[in-house]
Amino acid sequence: MKRIVVLLMALMLMGSSLAEGVLVTYFSHAGENYNVGVVEEGNTAKLAKVIAEQTGADLFEIVPVVDYPQSYDECLEVATAEQREGARPEYVSDVENWEQYDTVFIGYPIWWGEIPNIVYTFMESHDFAGKTVIPFNTHEGSGQSHSQRGIENTLPDATVLQGLAVRGATAQNDADTTTKAVSDWLSGLGM
Ligand SMILES: Cc1cc2nc3c(=O)[nH]c(=O)nc-3n(C[C@H](O)[C@H](O)[C@H](O)COP(=O)(O)O)c2cc1C
């Protein structure tokens, strides 16, 4: 009996040390945005929360140390400069217990056809070896643009699954359509 208890405890300890958590990490810009006016919560943030709810994942928001301008036009200018310079803007705090996650969703808006530079800061700051990465994004016409390939190239040691692109205005204003898009996508991925 004692041996069985010891064996069970050893198995439980082994199980708890294996990474099996799911993390939804995202960057999103609140304030004025294309097609939605001035919003308190960004479009990608809304989409991230639907994904976290359906997968039971933890959430981590990539929050910039230096805020992006609230104004859409000014934000366009900052994004242009960041892309031109290959900037790696810093973000506040970080994911706790990174090792515990074996699946990491990464969410972002499309900025000038690309992944915002601050998301590259995040990707380049973590070890993704052996992890499964699942991109998602919002946009206003570009779909995923080049972002799926951008992630695959940046994280060669991860297995990158097919991402989901949702219109920003849909993520912001149409919860039913967003929820269905997410559940269809997740079941297509076998999740
Ligand atoms: C700097 C900037 C650049 C953008 N560039 C594009 C683009 O190239 N293609 C596109 O479809 N949408 C573009 N958009 C629209 C955003 O991708 C879209 O509004 C997105 O839903 C914003 O998500 P967020 O609220 O999470 O930041 C751009 C928006 C901003 C602020």
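Note that the numbering runs from 1 along the sequence shown for the chain. Side-chain atoms are counted along with the backbone in the values below, which use heavy atoms only and exclude waters and symmetry mates. Each ligand, and each atom within it, is numbered from 1 in the order the structure gives.
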(Q) Assess, by modelled atom type and distance only, whether the side chains of Thr170 and Thr178 contain a donor and an acceptor separated by less than 3.5 Å. (A) no
**Q.** Neighbour list for ligand 1 [protein residues, heavy atom under 4.0 Å]
**A.** Ser28, His29, Asn33, Gly42, Asn43, Thr44, Tyr72, Cys75, Leu76, Ala79, Pro109, Ile110, Trp111, Trp112, Gly113, Thr138, His139, Glu140, Gly141, Ser142, Gly168
Q.
Please find the pair of heavy atoms, one from Val24 and one from Ala57, that lie closest to each other, and give the distance.
A. CG2-CB, 3.6 Å
Q | Partners passing side chain to side chain donor-acceptor pair (under 3.5 Å) against Asn137 (at least two apart in sequence or in another chain) | A | none
Q: Could I get the full list of ring pair (Phe, Tyr, Trp, His ring centres under 6.0 Å) partners for His126, not counting sequence neighbours?
A: Trp98, Phe122
Q: Run the numbers on Thr44 and Thr138 for side chain to side chain donor-acceptor pair (under 3.5 Å), then give the verdict.
A: CA-CA 6 Å; Thr44 311; Thr138 63; 2.8 Å; yes
Please set out all donor-acceptor pairs under 3.5 angstrom arising from side-chain atoms of residues 184-191, sequence neighbours excluded.
residue : atom : partner : partner atom : Å
Asp184  : OD1  : Lys180  : NZ           : 3.4
Asp184  : OD2  : Lys180  : NZ           : 2.7
Trp185  : NE1  : Gln162  : O            : 2.9
Ser187  : OG   : Ser183  : O            : 2.7
Ser187  : OG   : Asp184  : O            : 3.3

